[in-house]
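Since we're looking at a predicted model, the values are computed, not measured. Counting starts at 1 for both ligands and their atoms, following the listed order.
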Amino acid sequence: MVFKTRTSNLSLLPDFAQISLVLILCFALCNSGAAENGKIVGGHEAPKNGYPSAVPLYYLAYPGCAATIVHQEWLVSAAHCVSGTVGHHTFTAGDHNLAIREDTEQNVTAIEAYAHKQFNRSTFHNDIALFKISPPLQLNKYVQKAVMPSPDFNPKGIATPVGWGATENQSISVVLMEVDVPLITNEECREAYPEKIFDSSICAVAIEGGKDACKGDSGGPLYFKQDGKQILIGIVSNGRGCGNKKYPGVYTRVSKFLGWMKEITGIDFTAPGDNSRGKVGTGGNRKGKIITILAESVCNQYQQYLKDKKILTPVKKMPQSSRTKPGWLVWKKCSARSCNSFKFVH
Ligand SMILES: *[C@@H]1O[C@H](CO)[C@@H](O)[C@H](O)[C@H]1NC(C)=O
Ligand SMILES: *[C@@H]1O[C@H](CO)[C@@H](O)[C@H](O)[C@H]1NC(C)=O
Ligand SMILES: *[C@@H]1O[C@H](CO)[C@@H](O)[C@H](O)[C@H]1NC(C)=O
């Protein structure tokens, strides 16, 4: 695993935006796959299908982010992995080696994406997003929901980020990588990032350095292992460089967003019961939330679905200024004939 989105200078674009650019340049110019700041050490290949809730997030077929299964129809990821204007996010559940067909994979497409409305691109506050996917996942040994933390869960000890992000040798990893990193307190983390640590952050860093999530791992899971369960405590968010012992990895603290997740999905992730908690609720209230609709392939089908459900009403032309405002659906990359813009029914 290598670079996360960094909090300084460059990386206010989703990871994939930059990576695609690098990739394009590299196809043309270079053969050194090593990313310039990549210094992840200590990571290693995860056991095959050992993290069945972790999935790569492809943007235009490039795996620049990751996500975690929280329900058959919902994945959680980072807000900075959701672009406000472009679509084409797809996921492959049940995957390990991205380059090989393993017959455990299920490809799904995002049909709705909700970045947290208060996501702040400078501080990475509220770096969380939900994707509704189609078709629903078939849960099995290889494809599972993550175990959710309770609202007051405050883990201490070792946590494990996993991802297909860059390693010290490559700009992405073809196989899922994992690394064990000690959690630190938010007070300790604030010493490195005085303005960027919130109650909704959680940090991890190895004293000796060199163990970290990095760019391309964004949006993916930080697990805490307890009683044989992989509890989803964090979402890979940001950090300065990667693996620098002075700059911890910063994650979105999932336990602080269970209410927000319920608001969007209607699912009560705090409900006890099966080991994945999540209990289906009444459908959620997504009216007035920022939403980006994705994927040409499901465009017509989804347009009909939205109309039938009376979630959205078509409008002829969306004002440019409304594109990222609540209540407006951005539907780009669909063919002009079939997919226009939509406004929420209020
Ligand atoms: C799933 O998507 C991946 C990445 O786009 C692709 O390589 C693979 O062939 C697809 N698998 C199936 C079963 O369609
Ligand atoms: C993001 O946070 C910074 C620092 O607290 C603040 O100055 C800025 O206004 C925030 N931006 C948004 C869009 O809320
Ligand atoms: C990176 O390359 C070095 C040298 O070839 C190798 O020893 C090391 O295992 C590689 N690391 C990873 C994570 O692949």
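The residues E45 and K48 are annotated as not salt-bridged, no charged nitrogen and carboxylate oxygen being separated by less than 4.0 angstrom.
The protein atom (non-hydrogen) at minimum distance from atom 12 (C) of ligand 2 is N120 ND2, 3.4 Å.
No side-chain donor-acceptor contact under 3.5 Å links Q230 and Y51.
A ring pair (Phe, Tyr, Trp, His ring centres under 6.0 Å) with H125 is found for one member of F198, Y193, F119 and no other, namely F198.
One finds the CG atom of N107 at 10.5 Å from the CG atom of L137 (value rounded to the nearest 0.5 Å).
Distance screen at 4.0 Å: atom 7 (O) of ligand 2 has no protein heavy-atom neighbour inside the cut-off.
Residue-ligand proximity, T123 to ligand 2, at heavy-atom distances under 4.0 Å covers atoms 2 (O), 4 (C).
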